[in-house]
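Please read these numbers as outputs of a predicted model, since none were measured by experiment. Below, chains carry the letters A, B, ... as their sequence lines are ordered, and counting in each starts from 1.
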Amino acid sequence: MIPLSGDITGAKGIMRQKIGSFSISRGTTTLKRGFAHMLKNGVVMDVTTVEQAQIAEDAGAVSVMVLDKLPSDVRKAGGVARTASIRVIEEIMDAVTIPVMAKCRIGHVYEARVLEEANVDMIDESEVLTPADETHHIWKWDFTTPFVNGARSLAEALRRIEEGAAMIRTKGEPGTGNVAEAVTHIKKVNDELRTINSIYESGDHQDLVKMAREFKVSYDLVEQTAKMGRLPVVNFAAGGIATPADAAYLMSLGCDGVFVGSGIFKAEDAKERARAVVLATTFWEEPDKVKEAQKMIDERQSMLGLDVKNLELRMQERGSTA
Amino acid sequence: MNIGVLGLQGDVAENINASRQAMAKLGIKGTVKQVKTPEELASLDGLIIPGGESTMIGQMSLVNGAIKTIKEKIQAGMPVFGICAGLILLSKNVRDKTVGKTNQPLLDLLDVRVERNSFGRQKDSFETEVSAEPLGIQRMRGVFIRSPSIEDLGKNVKVVSKFNEKVVAVQQGNILATSFHPELTNDVSLHRYFISMVATRKK
C-alpha cells in the first residue's frame with residue numbers, strides 16, 4: 001500500500017476553511033497523492049489544442065497535459081520552451097470533463113503560481129521546457145495544487161518527493177518516439193528499490209544512512225521507501241512512448257500508468273492510436289488484447305523517432321543533479 | 001465470500017486492502033481480488049467499482065463486455081459499492097458542472113442524477129468529517145477528490161450522507177454509493193457495512 005499521509009509541518013499549500021458547520025482542509029498530502037491514485041492504470045496524453053483534448057477524452061485518456069508544442073516540436077524549434085498559453089489551457093478545461101494538467105519550467109515558481117491560479121488539476125515541473133533554475137526545483141509544499149516530476153534514478157525521485165511531488169514519472173527522452181530511455185530509467189529505479197529494500201530487510205541501518213547521504217535526502221524518507229520496496233507515490237512511465245506495445249511493456253515493468261507525449265499526435269493515425277494505447281495499458285496483462293491494440297495502428301504512420309545516442313539536446317539531464 | 005474490485009483503472013489496491021481489513025474485523029472468511037473480465041465477474045458475491053475516471057472505466061468495461069455482466073449481476077441482487085467514478089457509472093443520469101451533458105456509458109441503475117466535478121477542480125478537493133448515520137456511522141473522514149454530488153433522488157433512494165446540503169452518499173437496495181473516498185483513509189467502516197450487506201444476502 002502506498003502511504004497517503006506525510007504532510008511536512010507548516011506546509012503553506014494546506015488551506016483550512018469553514019463551510020457551514022464543516023471544517024475542511026485542502027491541499028493535504030492525502031488529497032494530492034490521492035488524486036494521482038485515481039489516475040492509476042490510465043494514460044495521460046499530451047495535447048496542444050481543444051480538438052486533440054477531445055480526441056484524448058473520447059479515446060479513454062484519464063487526463064490531458066496541455067503544452068504549447070509537442071515535445072518533438074520543442075526539440076525541433078530550439079529556443080526557450082515555456083508554459084502553454086493560459087487561454088488555450090482554459091479552453092481545454094471548459095471542453096473536457098477529465099483532469100487537465102500543464103507543464104511549468106523546472107524551478108519557475110511563478111509559472112507554477114500562474115498555473116495554480118488558472119486552476120489546472122496537476123502541474124508537471126518538466127524537463128521538456130527550458131529550466132529556469134539550475135540549482136533548485138520548486139518547493140512544492142507551498143502549493144495547494146499537486147505536482148508530478150520526472151526522475152531517472154531513485155535518488156532523483158526521492159529528492160522530488162521530499163520537495164513535495166505527489167507523483168513521479170520516468171523522464172525517458174521526450175520527443176524522440178524512442179522508448180529505450182524510459183525503459184532504462186524504470187529498470188534503474190526498480191533495481192535501486194530492490195537494493196534498499198534488501199538493506200532494510202537485513203537490518204543494517206548504517207548502510208541505509210549511507211544511502212540517504214548518497215541520495216541527498218532525509219533518512220526517514222529512505223527508510224520508509226526501503227521498507228515498502230516501492231516509491232511512496234504513484235509512478236508513471238513517460239518519455240518516448242509511441243505504440244500500444246511500448247505502453248504495455250512499461251506497465252509490465254511495474255509502472256502505475258503512462259504519459260504519452262508526441263507519440264499520439266505526431267502520428268498520422270492519432271485517433272486510432274490514442275484508443276489503442278489506452279486499450280494496451282488497460283489490458284497489458286493479456287497479450288492477445290495488446291496484439292489487437294497494436295493491430296489498430298499502422299507502423300508506417302508512427303512518428304519517425306530519433307536515435308537517442310546522437311541527440312544534441314538530452315532533456316533528461318535537465319535538473320537531474322539538483 | 002467472494003468480493004471483486006473492478007480493476008480496469010483507478011485506486012483498485014486501496015479498495016482491496018480496505019475490504020480485506022473489513023472482512024477481518026467482521027470475522028468473515030473470503031477472498032478479495034481485482035476483476036476485469038465477465039468470467040471473473042461471474043463468480044462474485046459483491047463488487048466494488050472504485051474511484052478513477054468514469055469516462056475511461058465506462059468505455060473499457062464496454063470493450064470487454066464487463067458492463068453487461070455487471071448490470072445483470074446487480075439486477076439479480078448482487079450488492080455493489082460505487083465510489084466516486086463508481087457512483088457515476090451506477091447512476092441513471094449524469095451532467096458535468098462545467099461541460100454539461102456528458103456522453104458516457106452508464107449502468108443506468110441508480111435512480112439519481114449525478115453532477116460530476118460538483119465541488120470544483122483538484123485545487124478545491126477537500127477532506128472533512130462526515131457522518132453516515134442511517135448506516136450507524138457517526139463520524140468518518142470524507143476525502144473528496146474532484147468529487148461528484150447526487151441530485152434528483154428517486155423515491156427508492158435513501159440519503160446516507162450529506163455535506164453542506166449536497167447529498168454525497170446514498171443507498172438504493174443492494175446499491176451503495178459515495179462521492180467521497182473511504183478507501184483513502186484508515187477507517188474501514190463503510191467497507192465493513194458493505195461486506196455486511198454481502199453477508200446478509202448470502203445467508
Max heavy-atom pair count under 4.5 Å with chain B, selected residue of S23(A), G13(A), G20(A), A61(A): S23(A)
Leading residue by heavy atom contact count with chain B [cutoff under 4.5 Å; candidates I98(A), T144(A), T145(A)]: I98(A)
Proximity breakdown for M93(A) and chain B, heavy-atom pairs closer than 4.5 Å: both
Candidates R95(B), K101(B), K97(B) - the one meeting salt bridge (Lys or Arg N to Asp or Glu O under 4.0 Å) with E115(B): R95(B)
Note: E14(B)-K40(A) ion pair, threshold 4.0 Å (strictly below): yes
Which portion of R146(B) sits near chain A, non-hydrogen atoms under 4.5 angstrom: side chain
Contact origin within N103(B) toward chain A - heavy atom pairs under 4.5 Å: neither
Main-chain N/O of M78(B) paired to N174(B) side chain as donor or acceptor, under 3.5 Å: yes
Most contacts with chain A, counted as non-hydrogen pairs under 4.5 angstrom, among V99(B), N186(B), T185(B), V130(B): V99(B)
salt_bridge(D45(B), K202(B)) N-O dist < 4.0 Å: yes
Top of M56(B), R116(B), K123(B) for chain A proximity - count of heavy-atom pairs under 4.5 angstrom: K123(B)
K227(A) side-chain N/O to T225(A) backbone N/O, donor-acceptor pair under 3.5 Å: no
Largest heavy-atom contact set with chain A, pairs under 4.5 Å, which of T102(B), N64(B), V12(B): N64(B)
Under 4.5 Å from any heavy atom of chain B - which part of R16(A): neither
Residues K36(B), E285(A): salt bridge by 4.0 Å N-O rule: yes
Engaged part of E127(B) at the chain A interface, taking heavy atoms whose separation is under 4.5 Å: both
V234(A), part contacting chain B, at a heavy-atom distance under 4.5 Å: neither
Check: D187(B) side chain, M140(B) main-chain N or O, donor-acceptor pair, under 3.5 Å: no
Plane angle bin for F119(B) and F163(B) - parallel if under 30°, tilted between 30 and 60°, otherwise perpendicular: perpendicular
Salt bridge D152(B)-K92(B), side-chain N to carboxylate O under 4.0 Å: no
Residue among V43(A), T30(A), N41(A), N119(A) with most heavy-atom pairs under 4.5 Å to chain B: N119(A)
S43(B) side chain to E39(B) backbone, donor-acceptor under 3.5 Å: no
Engaged part of F283(A) at the chain B interface, taking heavy atoms whose separation is under 4.5 Å: both
F144(B) versus chain A, the contacting section by heavy-atom distance below 4.5 Å: backbone
Part of S125(B) lying under 4.5 Å from any heavy atom of chain A: both
Part of D11(B) within contact of chain A (heavy atom distance under 4.5 Å): both
Choice from T282(A), D58(A), L31(A) maximising heavy atom contacts with chain B below 4.5 Å: L31(A)
NZ/NE/NH1/NH2 to OD/OE distance under 4.0 Å, R113(A) and E116(A): yes
R141(B) versus chain A, the contacting section by heavy-atom distance below 4.5 Å: side chain
Cationic N near anionic O, under 4.0 Å, E125(A) to R160(A): no
Engaged part of N117(B) at the chain A interface, taking heavy atoms whose separation is under 4.5 Å: side chain
